[in-house]
Number of protein chains: 4
Amino acid sequence: MSDKRQDIARAAIEAFAERGFHGTAVPDIARRAGVGAGTIYRYFKSKEALVNELYREAKSALVMAVTQGFPPPGSSPRQQFAELWRRLARYVVENPKTFKFMELLHHAPYLDRESLAVEQRFFEFGEQFFAYTSGQQLTKSLPPATLIVFVWAAFVGMIKAGHEGRIDLTEQTIETFESCCWEAIRA
Amino acid sequence: MSDKRQDIARAAIEAFAERGFHGTAVPDIARRAGVGAGTIYRYFKSKEALVNELYREAKSALVMAVTQGFPPPGSSPRQQFAELWRRLARYVVENPKTFKFMELLHHAPYLDRESLAVEQRFFEFGEQFFAYTSGQQLTKSLPPATLIVFVWAAFVGMIKAGHEGRIDLTEQTIETFESCCWEAIRA
Amino acid sequence: MSDKRQDIARAAIEAFAERGFHGTAVPDIARRAGVGAGTIYRYFKSKEALVNELYREAKSALVMAVTQGFPPPGSSPRQQFAELWRRLARYVVENPKTFKFMELLHHAPYLDRESLAVEQRFFEFGEQFFAYTSGQQLTKSLPPATLIVFVWAAFVGMIKAGHEGRIDLTEQTIETFESCCWEAIRA
Amino acid sequence: MSDKRQDIARAAIEAFAERGFHGTAVPDIARRAGVGAGTIYRYFKSKEALVNELYREAKSALVMAVTQGFPPPGSSPRQQFAELWRRLARYVVENPKTFKFMELLHHAPYLDRESLAVEQRFFEFGEQFFAYTSGQQLTKSLPPATLIVFVWAAFVGMIKAGHEGRIDLTEQTIETFESCCWEAIRA
DNA sequence: GATGAATGAGGATTCATTCAT
DNA sequence: AATGAATGAATCCTCATTCAT
């Protein structure tokens with residue numbers, strides 16, 4: 001008993017991650033998903049709607065994975081930062097295609113307002129965290145936006161380099177990047 | 001006396017930067033360049049050849065801008081790092097479309113072996129620098145690849161955040177990121 | 001207890017009348033009829049079979065409405081002509097969609113032999129009437145086919161003009177057209 | 001030296017006349033015209049634009065054929081009516097496909113405002129004529145719209161019957177219909 | 001050399017029809 | 001009997017590439 005919507009979503013994310021939005025043909029997605037081309041249109045209004053729905057779902061899942069039960073009670077901000085990094089890494093290592101998909105589509109012109117709003121909420125969560133740590137003089141007194149940009153940049157770069165084979169995404173490496181990152185932003 | 005190849009290259013880079021490879025039509029490039037569609041094929045064998053040549057040229061120009069007359073004689077490694085960061089930033093601020101183009105195309109499946117080789121040389125230059133600084137115990141004793149990945153990640157993330165309006169790409173911000181970055185990697 | 005075949009027939013006639021044969025999708029008909037798409041194929045072999053059956057039924061109903069109990073005993077040919085005109089008009093005013101449907105499909109390439117035969121019988125009835133009136137020297141000594149063509153043309157044009165809002169289909173107008181028509185063909 | 005736009009127009013009119021708008025595939029038109037499918041889109045923005053442009057051109061040509069140098073100087077209204085009828089018939093006999101095309105498309109939902117405006121001007125010309133003749137008490141004192149509707153109905157019905165093989169479109173028949181028509185509307 | 005009209009393969013999407021439930 | 005999800009052929013349209021001028 002297969003869930004066709006699920007099959008299509010998975011196939012589409014893989015295909016988009018590999019070849020981009022315009023580089024991916026709807027019939028290719030259908031073939032990968034093991035469904036007829038027309039079937040995709042029973043679940044998604046159009047190719048654009050498909051990519052937007054998947055983007056929102058992926059981004060929301062990432063936010064969920066990171067924020068669910070966060071912060072762990074009794075943890076220090078430094079520990080919380082480490083926890084965030086670990087959660088992000090775990091999600092991405094477990095869903096490499098989904099992450100590539102999100103990064104490739106990031107800020108693409110075919111993302112609609114709603115998709116961008118989900119993206120925005122993701123950053124706001126980070127900003128709130130750093131607004132707090134900077135208030136506590138644990139991190140540099142820089143705009144929270146600057147801090148989250150730096151941290152996210154380092155994280156994304158690490159993952160991409162891993163996917164490109166430039167570095168090995170071992171737990172060790174991931175921790176190394178995390179501690180570099182903290183040293184970059186700590187007060 | 002206009003140089004048509006130059007016109008085409010500029011137009012193509014802009015178009016690719018805005019809409020990606022598959023999202024850009026060759027006739028659109030021709031129109032932007034003010035030439036006939038057929039003319040593009042006098043200078044480039046195909047759309048793929050075009051994008052690959054442009055990618056190599058752009059990456060090479062970036063390498064040139066960064067490595068020309070580097071390191072400044074009598075400068076310390078710390079000063080050299082700052083100089084590298086400044087040169088990268090200057091190039092990117094002066095050629096925003098070209099940078100977007102490079103980042104968008106980065107590791108795309110239509111880049112050929114030769115283009116990837118240019119990319120590789122770019123990273124090798126960074127690795128050599130960090131091999132030296134780490135040898136001097138100025139930067140962490142991590143694989144040079146790890147350091148260059150971190151630094152490049154921070155740089156790219158900063159520029160992209162600037163393009164997306166998430167932060168302001170003032171000299172001040174650029175310097176801030178630079179010093180954060182150094183703190184992240186210094187021994 | 002709804003008669004599904006009836007529902008489908010009504011829905012199909014309306015849809016075909018509005019958008020034509022090729023412009024109407026079978027699932028649209030199903031939705032309008034309040035049945036599943038597959039159900040249509042329990043009652044009709046195919047879309048073509050559907051349109052042909054409906055066409056024959058509609059044309060037959062029109063013939064019925066006109067010829068049932070015709071001619072009224074003791075009526076003069078002139079009165080009979082008026083009666084025919086009135087019956088046609090009544091049928092059409094009461095079944096506007098059906099008339100539009102018939103006219104739109106008239107002589108379309110997907111009408112099969114049997115449907116055209118029903119069409120043919122309709123004209124033959126008219127020809128017989130005019131063969132008689134011409135024999136009586138009440139109408140012009142023209143081929144009956146010519147007379148029926150003229151009369152039917154005027155009738156159809158009147159109705160269509162009414163549907164298009166070019167004239168008002170009042171009883172008055174209908175009578176006016178009838179008397180013009182008679183003057184056109186009377187001896 | 002063939003004019004491709006002309007080829008496409010002719011082919012499209014024939015195809016639309018035979019199978020209707022939705023029943024005609026763009027590649028079919030291309031094949032008939034002896035051009036590539038893509039070529040059609042160099043001359044017409046879309047299938048809808050194509051049908052609308054052709055409709056306007058056809059209707060305008062018909063108006064031209066009828067109104068050019070009309071009325072003949074020194075002719076009586078009765079003669080003028082005959083002349084109109086003759087001109088219409090000549091145009092239609094010489095351009096049978098174009099006439100079928102116009103009639104099939106008449107008041108179709110894909111005709112745009114501009115196309116309907118051309119249609120409107122056609123009827124207005126007729127109304128003006130009958131406003132004059134009725135003013136002269138030569139034709140019945142009925143609304144000009146009613147008269148033009150009647151006459152146009154008879155004309156169209158005659159032509160269609162001819163195309164369907166129901167009557168022969170000889171000069172004789174055409175004249176017969178004309179005189180019937182006049183008798184129908186004369187005062 | 002330069003052009004841009006022409007092409008047709010390939011793209012997104014629709015829809016008549018089937019069939020498992 | 002009735003359904004409507006699933007299909008894939010066929011639709012309209014785009015675009016990389018060619019070639020006559």
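Please read all numbers here as calculations on a predicted model, not as lab measurements. Numbered from 1 within each chain, the chains take letters A, B, ... in sequence-line order. Atoms considered below: every heavy atom in the structure, side chains included; atoms not considered: hydrogens, waters and symmetry mates.
- Surrounding NZ of C:K100 are at most 12 heavy atoms belonging to other residues, nucleotides or ligands under 6.0 Å away.
- With a 6.0 Å radius and a threshold of 12 heavy atoms from other residues, nucleotides or ligands, C:Q6 has its CD atom at or below the threshold.
- Between C:V63 and C:R121 the shortest side-chain heavy-atom distance does not fall below 4.5 Å.
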Tell me, with the steps shown, if D:F99 and D:L62 meet side chain to side chain contact (heavy atoms under 4.5 Å, CB included).
-> CA-CA 9 Å; D:F99 181 77; D:L62 175 60; 5.5 Å; no
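- Using a 4.0 Å cut-off between charged side-chain N and carboxylate O, D:R10 and D:E57 make no salt bridge.
- Salt-bridge formation is not detected for the pair A:E53/A:K45: no Lys NZ or Arg NE/NH1/NH2 atom is positioned less than 4.0 Å from an Asp or Glu carboxylate oxygen.
- When the C1' atom of E:dA6 is taken as reference, atom CZ of D:R5 falls 17 Å away, rounded to whole Å.
- A heavy-atom distance below 4.0 Å to DNA chain E is reached by these residues of residues 40-56 of chain C, ordered by number: C:Y41, C:S46, C:K47.
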Let me have DNA chain F in dot-bracket notation, would you? Count Watson-Crick plus G-U wobble pairs, both distances under 3.5 Å, and use [ ] for pairs crossing earlier ones and | for inter-strand partners.
-> .||||||||||||||||||||
Solution key, residues 104-113 of chain A side-chain donor-acceptor pairs under 3.5 Å, sequence neighbours excluded:
residue: A:H106; atom: ND1; partner: A:E119; partner atom: OE2; Å: 3.1
residue: A:H106; atom: NE2; partner: B:E164; partner atom: OE1; Å: 3.3
residue: A:H106; atom: NE2; partner: B:E164; partner atom: OE2; Å: 2.7
residue: A:D112; atom: OD1; partner: A:R56; partner atom: NH1; Å: 3.2
residue: A:D112; atom: OD1; partner: A:E114; partner atom: N; Å: 3.2
residue: A:D112; atom: OD1; partner: A:S115; partner atom: N; Å: 2.9
residue: A:D112; atom: OD1; partner: A:S115; partner atom: OG; Å: 3.0
residue: A:D112; atom: OD2; partner: A:R56; partner atom: NH1; Å: 3.4

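- For residues 16-38 of chain D, every residue pair satisfying the side chain to side chain donor-acceptor pair (under 3.5 Å) rule, not counting sequence neighbours, is listed here: D:E14-D:R32, D:E18-D:R32, D:D28-D:R31.
- Of the residues in residues 10-28 of chain C, none lies under 4.0 Å from DNA chain F by heavy-atom distance.
- Sorted pairs that involve residues 38-60 of chain D and meet ring-ring contact (aromatic ring centres under 6.0 Å, His included), not counting sequence neighbours, are lacking altogether.
- Residue B:K47 places its NZ atom among more than 12 non-hydrogen atoms of other residues, nucleotides or ligands, all under 6.0 Å distant.
- When the C1' atom of E:dT7 is taken as reference, atom CD1 of D:I8 falls 12 Å away, rounded to whole Å.
- Positionally, the nearest nucleotide of DNA chain E for D:T39 lies more toward the 5' end than for the other of A:T39 and D:T39.
- Side-chain atoms of D:E48 and D:F21, non-hydrogen and from C-beta on, do get closer than 4.5 Å to each other.
- Between the CD atom of D:Q6 and the P atom of E:dA6 there is a distance of 14 Å, rounded to whole Å.
- The interatomic distance linking A:I29 (CD1) with E:dT13 (P) rounds to 10 Å, in whole Å.
- Between C:G38 and D:A37, the residue anchored closer to the 5' end of DNA chain E is D:A37, taking for each the nucleotide with the nearest heavy atom.
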